[in-house]
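Just the heavy atoms: all of them, side chains too, but no hydrogens, waters or symmetry mates, feed the values below. Each ligand, and each atom within it, is numbered from 1 in the order the structure gives. As the structure is a computational prediction, the values presented were derived from the model and not from experiment.
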Amino acid sequence: MLLEGKRGLIVGVANKRSIAWAIAQAAHREGAKLAFTYQGERLKESVSELSATLGGASPLFECDVTNDAQIDATFQGLKEVFGTLDFLIHAVAFAKKEELEAEFLITSREGYRLALDVSSYSLTALAQRAVPFMTDGGSIVALTYYGAEKVIPRYNVMGVAKAALEASVRYLAFDLGPKKVRVNALSSGPVQTLAARGISGFTDMMKHVESRAPLRRNVLIEEVANAAVFLLSPLSSGITGETLYVDCGYNIVGM
Ligand code: NAP
């Protein structure tokens, strides 16, 4: 029960395959009380049905992370139901499909703005509102990918967005350290999810990892979730501003 008595907000559940949902299940297993956001009415039912399986009704808030009014309303609602907050999971990303299919060179100004807004700036926007409720310190974890650091063909503008996300993690960690709020990135290897299906050639990416990663396999979503629990829990109390790779070792291989 590593998270017993802790209250957390999970941002980024779309369906049962979402990494955010795997993290929610693991956090629940460890004793956390959870609230969820969903993006638009379309996803309300799915997130509501999933959260109900954890037993008891979890607070749910509509939150498009590009909409400041909805972010404000989410934290106003959280204040009423939870009072204080111990952790936040950021597991959202978006880029235009056509910009994940061709060369990075074709990225449009609007596509760049959109990808960076949804996938990077949103962490800062959420942290601004979350921190006042983290009165006893806290932990913020953002999901990232190796394409932030090395060129992964067709990951394109999302790689740039993840690079900005990882840099934001470091700057936020620096600002929030004195408030005892830790901020870390968790870099997951490829996992079959809705967002992943939008990346052209994703299946080939998984095959490549399987053949090259030191563990000769792809990471399991449960392994990503357990690492997130570690970053949320007191076991990682000395770690902030880091990017933790949970990718079967793929990132260490040069050739
Ligand atoms: P997912 O289930 O599709 O989750 C992505 C979530 O982002 C969805 O809930 C999506 O909602 C949400 N989202 C997109 N735009 C949003 C907006 N404007 N406001 C609020 N929410 C928005 O896919 P996932 O793979 O679990 O992704 C979770 C995180 O893990 C992402 O940051 C992703 O980059 C990261 N990650 C994934 C992998 C992988 O291989 N799957 C690897 C490393 C890192 P909608 O469905 O409504 O758009």
Looking at atom 7 (O) of ligand 1, what's its closest protein heavy atom, distance included? Val92 CA, 3.4 Å
Are the side chain of Thr66 and the backbone of Val118 linked by a donor-acceptor contact shorter than 3.5 Å? no
Would you say Val65 and ligand 1 have an N/O pair spaced under 3.5 Å apart? yes
Straight-line distance of Asn156 CG to Glu101 CD, nearest 0.5 Å: 10.0 Å
What I want to find out is whether Glu223 reaches Arg217 closely enough, with some N-O distance under 4.0 Å, to be called a salt bridge. yes
The protein heavy atom nearest to atom 2 (O) of ligand 1 is Ser18 OG, 2.6 Å
Atoms of ligand 1 less than 4.0 Å from Ala196 heavy atoms? 41 (N)
Determine whether a donor-acceptor pair (N or O, by modelled atom type, separation under 3.5 Å) exists between the side chain of Lys162 and the backbone of Leu143. yes
Can you find an N/O atom of Ser188 closer than 3.5 Å to an N/O atom of ligand 1? no
Does even one non-hydrogen atom of Tyr146 get within less than 4.0 Å of ligand 1? no
Only distances under 3.5 Å count here; give the side-chain donor-acceptor pairs of residues 75-89 to other protein atoms, sequence neighbours excluded, each with its distance to 0.1 Å.
| residue | atom | partner | partner atom | Å |
| --- | --- | --- | --- | --- |
| Gln76 | NE2 | Glu80 | OE2 | 3.4 |
| Asp86 | OD2 | Arg7 | N | 2.7 |

Taking non-hydrogen atoms only, is Val13 closer than 4.0 angstrom to ligand 1 via side chain, backbone, both or neither? backbone
With nothing but distance in play, are any N or O atoms of Gln39 less than 3.5 Å from an N or O of ligand 1? yes
Per-atom contacts, ligand 1 versus Gly189 - under 4.0 Å to a heavy atom: 40 (O), 42 (C)
Using a 4.0 Å heavy-atom cut-off, say whether Phe202 meets ligand 1 through its side chain, its backbone, both or neither. side chain
min-distance protein heavy atom vs atom 28 (C) of ligand 1 -> Ala91 O, 3.2 Å
Please state whether Ser122 comes within less than 4.0 angstrom of ligand 1, counting heavy atoms only. no
Any donor-acceptor N/O pair, Glu30 side chain to Leu3 backbone, under 3.5 Å: no
Is there at least one pair of N or O atoms, one from Ile19 and one from ligand 1, spaced under 3.5 Å apart? yes
Nearest-0.5 Å distance that lies between atom CE in Met158 and atom CG in Leu116: 9.5 Å
To the nearest 0.1 Å, how far is atom 44 (C) of ligand 1 from its closest protein heavy atom, and which atom is that? Thr144 O, 3.0 Å
Numbering the atoms of ligand 1 from 1, which are under 4.0 Å from a heavy atom of Arg42? 45 (P), 47 (O)
For ligand 1, find out whether one of its N or O atoms is nearer than 3.5 Å to an N or O atom of Asp64. yes
Any N or O of Leu43 closer than 3.5 Å to N or O of ligand 1: no
Write down the atom of Ala185, the atom of Glu166, and the distance for their closest heavy-atom approach. CB-CG, 4.5 Å
Quick check: Lys162 and ligand 1, any N/O pair under 3.5 Å apart? yes
Main-chain N/O of Thr74 paired to Arg129 side chain as donor or acceptor, under 3.5 Å: no
Is a side-chain N or O of Ser236 found less than 3.5 angstrom from the main chain of Leu231, in a donor-acceptor match? yes
Is ligand 1 less than 4.0 angstrom away from at least one heavy atom of Gln192? no
If only atom types and distance count, is the side chain of Asn15 paired as donor or acceptor with the main-chain N or O of Leu194 below 3.5 Å? no
Indicate, as side chain, backbone, both or neither, the part of Cys63 found under 4.0 angstrom from ligand 1 when only non-hydrogen atoms are considered. backbone
Taking it one step at a time, do Tyr155 and Leu100 satisfy side chain to side chain contact (heavy atoms under 4.5 Å, CB included)? CA-CA 6 Å; Tyr155 198 64; Leu100 300 176; 5.5 Å; no
Looking at Pro190, which atoms of ligand 1 are within less than 4.0 Å of one of its heavy atoms? 40 (O)
The protein heavy atom nearest to atom 14 (C) of ligand 1 is Ala93 O, 3.6 Å
Could any protein non-hydrogen atom be found less than 4.0 Å from atom 42 (C) of ligand 1? yes
For atom 40 (O) of ligand 1, which protein heavy atom lies nearest, and how many Å away is it? Val191 N, 2.8 Å
Would you check whether Ala142 reaches within less than 4.0 Å of ligand 1, judged by its heavy atoms? no
Identify whether the distance between the nearest side-chain nitrogen and carboxylate oxygen of Glu110 and Arg113 falls below 4.0 Å. yes
Met158, portion touching ligand 1 at heavy-atom distance under 4.0 Å: neither
If only atom types and distance count, is the side chain of Thr240 paired as donor or acceptor with the main-chain N or O of Val183 below 3.5 Å? yes
Considering only the protein, which heavy-atom contact is closest to atom 24 (P) of ligand 1, and what is its distance? Thr193 OG1, 3.4 Å
With respect to Gly12, determine whether any N or O atom, backbone or side chain, lies less than 3.5 Å from an N or O atom of ligand 1. yes
May I ask you to decide if Ser187's main-chain N or O and Thr144's side chain share a donor-acceptor pair within less than 3.5 Å? no
How far is atom 15 (N) of ligand 1 from its nearest protein heavy atom, and which residue and atom is that? Val118 CG1, 3.5 Å
For Leu165 against Ser120, the heavy-atom pair lying closest together: N-OG, 3.8 Å
Exercise: identify the closest heavy-atom pair between Phe104 and Val157: CD1-N, 3.7 Å
